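Each remark here refers to the structure printed beneath this line.
Whatever order the structure lists them in is the order used to number ligands and atoms, beginning at 1. Bear in mind that the values here come from a model prediction, so they are computed numbers and not experimental data.
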Amino acid sequence: MTGLVTAFGSGAMTNSIDDIAEDAQAYFVIGSNTTENHPVIGMRLRQAVRRRGATLIVADPRDIPLTDVATLHLKQRPGTDIALLNGLMHVLISEGLYDKQYVAERTEGFEALEAVVCQYTPERVEDITGVPAEDVRKAARLLARNRPGALLYAMGITQHTSGHQNVMSCANLQMLLGNMGVSGGGVNPLRGQNNVQGACDMGCLVNFYPGYQKVIDEAAQKKFVEAWGKTGSTQVGLTVVEMINAAERGEIRGLFVLGENPAMTDPDVNHARHVLENMEFLVVQEILHSETTQYADVVLPGASFAEKDGTFTNTERRVQRVRQAVASPGEARMDWEILSELARRLQDKLGLSADAGPYAGWDYSSAEEIFTEVAALTPSYAGMDYVRIDQHGLQWPCPDAAHPGTTFLHKGTFSRGLGLLSPVEWLPPAEEPDAEYPLVLTTGRVLYHWHGGTMSRRAAGLNEIYPEPLVEINPVDARALKIKDGEMITVTSRRGTVTARAEVVDRPDPGVVFMTFHFQEAAANLLTIAALDPVAKIPEYKVCAVRVEAN
Ligand SMILES: Nc1nc2c(c(=O)[nH]1)N[C@H]1C(S)=C(S)[C@@H](COP(=O)(O)OP(=O)(O)OC[C@H]3O[C@@H](n4cnc5c(=O)[nH]c(N)nc54)[C@H](O)[C@@H]3O)O[C@H]1N2
Ligand SMILES: Nc1nc2c(c(=O)[nH]1)N[C@H]1C(S)=C(S)[C@@H](COP(=O)(O)OP(=O)(O)OC[C@H]3O[C@@H](n4cnc5c(=O)[nH]c(N)nc54)[C@H](O)[C@@H]3O)O[C@H]1N2
Ligand SMILES: [Mo]
């Protein structure tokens with residue numbers, strides 16, 4: 001889900017943590033609560049600002065810990081990022097502040113971009129986003145004056161029906177500033193889980209084989225069918241929400257859920273739970289019981305990260321070894337062992353074993369064997385093996401055994417040659433506030449909990465620090481609704497309703513409320529909308545319309 005494919009090929013940081021922390025003169029953090037959700041990177045940003053005076057611009061609809069040290073906070077309305085980014089580019093172009101040489105030598109499409117962004121005057125941008133026109137100008141000038149600059153984004157940018165276009169907009173801005181292909185620059189999606197980058201690299205995306213080789217590309221198809229036999233898929237698959245919808249239509253009868261808790265984390269979760277309940281056959285491979293295992297016909301016990309051997313790929317494309325630290329309890333086995341055995345039995349049952357190919361079998365005896373196979377079939381991993389990654393890991397692309405790995409991408413040239421500036425128009429979110437549901441709900445995370453809470457809510461210390469769900473609401477709205485800080489309130493959307501305690505704070509502006517999705521007793525996803533970005537298919541978790549009432 002988070003494997004959003006950007007204009008630059010794959011959803012990965014173009015740069016590295018060290019080069020950003022050390023060489024960037026400016027940071028533009030948009031839709032990333034970095035200190036709470038990527039604390040190591042958040043700490044490096046804070047240090048860069050405090051110790052060497054780097055410029056920090058935060059664009060976020062809420063006050064977040066980073067805004068305390070920011071040079072400037074642009075507090076846009078949720079779902080208005082494209083207008084804001086176009087406004088910044090408007091100023092860069094109209095004031096002649098963009099990197100003209102870079103744009104001429106390394107990019108194409110400038111005229112088309114200019115034609116669109118020239119309509120986003122700072123005054124019009126203020127109308128759409130709520131950010132004062134003067135701050136839009138100030139931000140553009142700061143970014144132009146302090147280069148190289150790194151743009152960092154996370155779910156505040158991607159979890160929208162315009163998520164894919166939001167990312168393109170970020171890329172446009174960084175190209176105009178000449179910030180691509182340089183140390184301390186780049187467009188940097190901070191990846192969420194410890195190994196979501198690795199899962200995407202391995203081909204756990206609907207449209208890619210390992211290493212972002214396209215499933216629809218004929219040469220790639222040929223390679224993988226030759227290597228894997230008929231089991232090598234040649235069709236683009238369905239994403240999470242698409243699967244739920246297909247199951248409802250009767251097109252999917254069985255579901256295998258591995259390391260996910262969709263009964264808590266899918267959007268419009270009343271609907272998702274209903275579909276899970278009616279699934280003819282549901283297998284859940286888990287380390288713990290969750291809201292989703294309650295619907296399962298079979299639960300397969302997986303081993304946790306500390307009980308695993310293999311590799312994780314972190315957010316800066318660094319492939320690293322992970323070693324089993326403790327034995328797994330009971331019958332639990334590593335996820336790949338369970339999958340291999342299941343696949344072996346299925347192959348026998350379906351008579352596919354005879355279907356040859358050097359890697360058609362599932363008789364792996366170690367994670368290393370799987371790694372070697374992937375490296376053999378994947379150019380960006382071709383130069384890696386367990387010996388080479390042992391000490392510090394290696395950052396892909398690493399095309400051959402002598403290659404040192406890649407700190408930052410797009411040096412000298414983009415993979416397509418010239419960087420394409422692609423104009424993007426702002427469009428409103430799928431659901432906007434109205435008389436019946438007058439407030440915008442945006443959802444996200446806090447430092448102390450993790451997603452559906454399956455793991456973090458079992459930790460006594462974390463529950464002590466952050467024991468219950470809170471709804472952040474601005475004092476202006478609270479006063480109008482006669483809600484006091486700490487009172488129980490009801491939040492209702494077109495899809496569901498939850499009750500939780502109000503935290504009356506000016507972290508969000510009037511008109512915006514914020515909830516986390518960590519607590520099953522007030523599951524924010526009962527409220528969210530399952531509207532998808534048409535390209536990336538990511539749900540619009542960051543905007544829906546709600547009504548709030550005192551209890
Ligand atoms: N403690 C903790 N850390 C985590 C996780 C966790 O659950 N707990 N989850 C991990 C995972 S998988 C992920 S994907 C990352 C997510 O990391 P983040 O994306 O940083 O987390 P979120 O809290 O979802 O959202 C980030 C910010 O987006 C802002 N936002 C809301 N609406 C908008 C909008 O319309 N535009 C913009 N620009 N910003 C908006 C929110 O106010 C919030 O500050 O965190 C990872 N790290
Ligand atoms: N409203 C709202 N909803 C959101 C988001 C949001 O910002 N707002 N963010 C979305 C995002 S970015 C994400 S990534 C998703 C996360 O959604 P999920 O991935 O569904 O959330 P988790 O709670 O992390 O669930 C992972 C499950 O895997 C289990 N597990 C942990 N380790 C292992 C292992 O090694 N093997 C196996 N087999 N299981 C394991 C855990 O016990 C847990 O139950 O939520 C999405 N949902
Ligand atoms: Mo995520």
Side-chain angles (χ1 to χ4, degrees), residues 1-3 29-39 42 58-67 74-81 84-85 129 152-160 162 166 170 189-196 240 257-269 284-293 300-308 315 328 332 334-335 338-339 429 440-458 462 472 507-508 512 514-518 523-529 538-544:
M1 180 183 301
T2 43
V29 176
I30 181 162
S32 156
N33 184 356
T34 324
T35 54
E36 294 204 64
N37 297 320
H38 296 89
V58 175
D60 198 294
R62 296 162 58 230
D63 296 344
I64 53 174
L66 264 191
T67 51
L74 309 173
K75 203 167 174 179
Q76 77 275 41
R77 287 190 194 104
T80 63
D81 294 274
L84 180 64
L85 290 157
T129 64
L152 293 86
Y153 74 84
M155 293 303 113
I157 276 294
T158 51
Q159 290 174 339
H160 295 277
S162 61
N166 285 357
C170 291
L190 305 180
R191 303 307 306 265
Q193 292 116 329
N194 59 329
N195 194 34
V196 62
V240 181
V257 175
L258 195 163
E260 276 212 21
N261 185 12
M264 271 295 283
T265 57
D266 269 17
D268 188 7
V269 83
V284 180
Q285 190 163 312
E286 253 293 346
I287 60 168
L288 297 161
H289 266 296
S290 72
E291 287 71 17
T292 304
T293 61
L300 299 172
S304 78
F305 74 97
E307 301 151 10
K308 277 193 167 101
T315 187
S328 38
M334 294 184 219
D335 290 302
I338 302 175
L339 288 177
V440 171
L441 169 71
T442 188
T443 63
R445 297 154 169 84
V446 292
L447 176 64
Y448 302 103
H449 285 287
W450 185 264
H451 299 163
T454 320
M455 296 179 286
S456 56
R457 293 202 69 203
R458 281 178 165 84
L462 298 177
E472 293 180 1
R507 225 171 278 145
V512 179
F514 171 82
M515 286 183 74
T516 74
F517 61 111
H518 303 312
N525 281 321
L526 292 167
L527 306 170
T528 54
I529 186 167
I538 193 168
E540 193 147 64
Y541 289 116
K542 290 289 181 264
V543 188
C544 75

Between ligand 1 and [X], is the shortest N or O to N or O distance under 3.5 Å?
X     : answer
Thr80 : no
Arg77 : no
Arg62 : yes

Original post:
Looking only at heavy atoms of His518, does any of them come nearer than 4.0 Å to an atom of ligand 1?
Top reply: yes
Original post:
Non-hydrogen atoms of Arg191 versus ligand 1: any pair closer than 4.0 Å?
Top reply: no
Considering [options], which one's heavy-atom position lies nearest to [atom]?
atom                    : options                        : value
atom 33 (C) of ligand 1 : Gly192, Gly31, Pro61           : Pro61
atom 11 (C) of ligand 2 : Glu291, His289, Arg445, His451 : Arg445
atom 28 (O) of ligand 2 : Gly259, Gly444, Ala306, Gly453 : Gly259
atom 41 (C) of ligand 2 : Met264, Met515, Glu286         : Glu286
atom 27 (C) of ligand 1 : Val446, Asp60, Leu447          : Asp60
atom 5 (C) of ligand 2  : Phe517, Trp450, Phe305         : Phe517
atom 14 (S) of ligand 1 : Gln193, Glu540, Met155         : Met155
atom 23 (O) of ligand 2 : Gly452, Gly156, Pro267         : Gly452
atom 38 (N) of ligand 1 : Leu74, Ile157, Asp81           : Asp81

Please could you name the atoms of ligand 1 that [X] approaches to less than 4.0 Å, counting only its heavy atoms?
X      : answer
Ile30  : 38 (N)
Ser32  : 20 (O)
Gly79  : 34 (C), 35 (O)
Thr442 : 31 (C), 32 (N)
Ala154 : 18 (P), 19 (O), 20 (O)
Gln76  : 36 (N), 37 (C), 38 (N)
His449 : 1 (N), 2 (C), 6 (C), 7 (O), 8 (N)
Ile64  : 44 (O)

May I ask you to list the atoms of ligand 2 that are less than 4.0 angstrom from any heavy atom of [X]?
X      : result
Lys308 : 34 (C), 35 (O), 36 (N)
Met455 : 31 (C), 42 (O)
Ala303 : 34 (C), 35 (O), 36 (N)
Asn261 : 18 (P), 20 (O), 25 (O)
Gln159 : 5 (C), 6 (C), 7 (O), 9 (N), 10 (C), 11 (C), 12 (S)

Short question: side chain of [X], backbone of [Y] - any donor-acceptor pair under 3.5 Å?
X      : Y      : value
Gln285 : Val257 : no
Asn525 : Met264 : yes
Gln193 : Asn195 : no
Lys542 : Thr443 : yes
Thr528 : Asp268 : yes
Lys75  : Pro508 : no

Which heavy atom of [X] sits nearest to which heavy atom of [Y], and what is that distance?
X      : Y      : result
His289 : Arg458 : O-NH2, 3.3 Å
Ile287 : Gly302 : CG2-O, 3.4 Å
Ile64  : Ser32  : CD1-O, 3.5 Å
Thr34  : Leu190 : CG2-CD1, 3.8 Å
Gln76  : Asp60  : OE1-N, 3.0 Å

Can you tell me how far the [atom1] atom of [X] sits from the [atom2] atom of [Y], to the nearest 0.5 Å?
X      : Y      : atom1 : atom2 : value
Asn37  : Met155 : CG    : CE    : 9.5 Å
Thr67  : Arg62  : OG1   : CZ    : 9.5 Å
Thr442 : Gln159 : OG1   : CD    : 8.5 Å
Tyr541 : Thr158 : OH    : OG1   : 10.5 Å
Leu339 : Met334 : CG    : CE    : 13.0 Å

Where does [X] meet ligand 2, judged by heavy-atom distances below 4.0 Å: at the side chain, the backbone, both, or neither?
X      : value
Lys542 : side chain
Asp335 : side chain
Thr265 : both

**OP:** Give the ring-plane orientation class for His449 versus His518, where under 30° counts as parallel, over 60° as perpendicular and anything between as tilted.
**Re:** tilted
**OP:** State whether a side-chain donor-acceptor pair under 3.5 Å links Asn166 with Ser162.
**Re:** yes
**OP:** Measure Ala59 to ligand 1 on non-hydrogen atoms and call it side chain, backbone, both or neither using the 4.0 Å cut-off.
**Re:** backbone
Original post:
Is Ser290 in polar range of ligand 2, meaning some N or O pair under 3.5 Å apart?
Top reply: no
